[in-house]
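Reckoned from all heavy atoms, side chains included, excluding hydrogens, waters and symmetry mates. Start at 1 and go down the list; that is how both ligands and their atoms are numbered.
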Amino acid sequence: MKILVVGSGGREHAIIRKLMQSPKCEKIYCTPGNGGIAADGAECFNVGATDIPGVVALAKQVAADLVVVAPDDPLVLGMVDALQAEGFRTFGPKKAAAIIEGSKVFSKNLMKKYNIPTAGYEVFHDSASAIEYVKKQNTYPAVIKADGLALGKGVILAQNEEEAVTAIKEMIDDKKFGESSATIVVEEYLTGPEVSVLAFTDGKTVKPMISSMDHKRAYDNDEGLNTGGMGTVSPNPYYTGEVAEQCMKEIFLPTVNAMNAEGRTFEGCLYFGLMITPNGPKVIEYNCRFGDPETQVVLPMLDSDLLEIMLAICDHKLSDIEIKWHTGACTCVVMASGGYPLSYPKGLEITGVNKNGQVEGAEVFHAGTKLSEGKFLTNGGRVLGVTCKGNTLQEAINLSYQAVKKISFENAHYRRDIGQRALKALFDPSQFEYKQDLEDYLEENGIYIRQ
Ligand code: AMP
Ligand code: GLY
């Protein structure tokens with residue numbers, strides 16, 4: 001089969017590498033793609049990921065048997081509808097279903113209507129009412145969210161009244177995110193560990209993938225600005241069998257059923273951003289697509305054929321497919337450009353990788369890279385996702401960092417503590433008879449215990 005993948009990040013690279021393992025996969029095309037995707041033999045094009053007529057024309061040009069639309073914005077804009085109207089088998093939700101990510105007001109109202117656990121909220125269209133509400137509530141942090149897509153920057157956790165008022169004014173009055181922030185949601189602040197669960201669904205059956213944990217802040221110890229994600233681990237130790245069962249019953253099935261009841265059947269990958277609160281798991285956000293960088297640790301753990309799964313979803317036969325997962329763990333450490341998520345240079349040479357942009361013993365998923373005269377150059381904020389599987393989480397972490405050390409580019413920035421929070425959750429001090437053994441273990445494993 002000839003497959004066209006739309007997108008250009010580490011997530012798309014991970015999807016493409018997995019699709020290439022399928023015996024049915026003949027050829028992969030990608031637009032716009034990146035250096036690592038091209039080096040893996042996918043033919044890349046210059047059509048932008050949100051150019052709907054351009055992508056439809058490209059699908060015709062390459063006679064695609066399957067099109068996979070990976071990023072949020074083309075999904076929310078209706079790229080799947082346009083491709084399906086031309087007869088292309090397409091993986092991804094239609095516009096009517098992608099709204100689950102495209103509008104927070106929609107998703108919050110959906111959860112309220114169908115009793116799906118989430119943070120309490122109010123919706124505002126004008127800044128004066130929002131400010132009055134926040135002042136009256138007088139509880140901080142106050143969670144302020146833009147209704148629409150905002151490149152992952154539309155959530156502000158305001159620590160005091162001043163920050164809340166500034167955020168509200170910037171969003172509604174100054175239109176910081178254009179129409180996306182003309183309407184805002186002010187939400188109850190929840191606490192607890194976060195878990196990402198991606199789920200395959202054809203609208204009838206929902207099959208959750210292995211769980212994962214993102215690390216959103218730029219610096220170690222969860223300090224610094226929010227980013228698109230600085231690393232991930234899978235599985236997420238907070239997602240126990242019991243939590244998984246509760247999520248299936250109270251969140252996953254009710255969400256898929258709610259979308260059906262609304263006439264917005266969701267087909268594709270539905271992402272559940274969850275918080276395991278003292279009152280049980282609650283939805284923080286839905287995404288209408290594979291997460292980035294969650295996909296970079298989830299798909300390497302998949303022991304089944306991704307292409308078969310995608311085709312089964314297109315044909316509404318997901319219930320016929322058995323999906324298997326590897327045991328062990330997987331870690332992805334993101335190497336970013338110095339300065340990210342603010343401003344950063346591009347075009348710096350990446351050294352230490354082979355001619356395919358890989359290093360031995362790891363899978364290097366390229367995000368912001370380009371291939372120029374046989375050299376890989378940086379071309380974005382998040383540059384590479386260095387990924388390793390291990391028999392244990394500790395082994396996966398060690399292997400990923402060993403691989404990271406082999407790669408360099410000027411001012412490369414990466415977190416040193418990817419997976420430490422998960423390790424701490426797994427860690428059982430009762431197994432140590434002597435305090436000294438425990439301290440040695442912590443030192444050897446580089447585990448710091450945060451109080
Ligand atoms: P999002 O961009 O929607 O993934 O949100 C970014 C981050 O903000 C989430 O990963 C959470 O850490 C945090 N967040 C969002 N909503 C809430 C909430 N209601 N309570 C506490 N933290 C939240
Ligand atoms: N890693 C979070 C997201 O994909 O939105």
[atom] [closest protein heavy-atom partner, distance rounded to 0.1 Å]:
| atom | value |
| --- | --- |
| atom 3 (O) of ligand 1 | E285 OE1, 3.3 Å |
| atom 17 (C) of ligand 1 | I284 CD1, 3.6 Å |
| atom 14 (N) of ligand 1 | L157 CD2, 4.1 Å |
| atom 2 (C) of ligand 2 | Y271 OH, 3.5 Å |

Going by heavy-atom distance to atom 15 (C) of ligand 1, choose the closest among E187, E194, K145.
-> K145
Could you check which of E101, K216, K104 puts a non-hydrogen atom nearest to atom 7 (C) of ligand 1?
-> K216
[X] heavy atoms, cut-off 4.0 Å: which ligand 2 atoms fall inside?
| X | value |
| --- | --- |
| N287 | 3 (C), 5 (O) |
| G291 | 4 (O) |
| E294 | 1 (N), 2 (C), 4 (O) |
| D214 | 1 (N), 2 (C) |
| K216 | 2 (C) |

Taking only non-hydrogen atoms of V143 and a 4.0 Å limit, the atoms of ligand 1 in range are 16 (N), 17 (C), 18 (C), 19 (N), 20 (N)
Proximal atoms of ligand 1 relative to V155 (non-hydrogen, under 4.0 Å) | 1 (P), 2 (O), 3 (O), 5 (O), 8 (O), 15 (C)
Name the orientation class of the two ring planes belonging to [X] and [Y] (parallel below 30°, tilted from 30 to 60°, perpendicular beyond 60°).
| X | Y | result |
| --- | --- | --- |
| Y133 | F124 | tilted |
| Y401 | Y414 | tilted |
| Y29 | F45 | tilted |

Is E262 paired with K113 through a side-chain N to carboxylate O contact shorter than 4.0 Å?
-> yes
Checking T201 side chain against V256 main chain: does a donor-acceptor pair fall under 3.5 Å?
-> no
Within-shell test, F290 vs ligand 2, heavy atom, strictly < 4.0 Å | no
Heavy-atom gap R11 to ligand 2 smaller than 4.0 Å | no
Just let me know how R289 lines up against ligand 2, side chain, backbone, both or neither, with a heavy-atom cut-off below 4.0 Å.
-> side chain
Under a plain distance cut-off of 3.5 Å, with no hydrogens placed, do [Y] and [X] share a side-chain donor-acceptor pair?
| X | Y | answer |
| --- | --- | --- |
| T232 | D214 | no |
| D147 | S103 | yes |
| N398 | Q402 | no |

For Y219 and H413, run ring pair (Phe, Tyr, Trp, His ring centres under 6.0 Å): C-alpha distance rounded to whole Å, both residues' side-chain angles, the deciding distance at 0.1 Å, then the answer.
-> CA-CA 9 Å; Y219 301 120; H413 163 67; 5.3 Å; yes
N or O contact, L190 vs ligand 1, cut-off under 3.5 Å | yes
Hey, is ligand 1 close enough to E188 that some N/O pair sits below 3.5 Å?
-> yes
Distance under 6.0 Å and angle within 45° of the ring axis: does K207 meet both against F252?
-> no
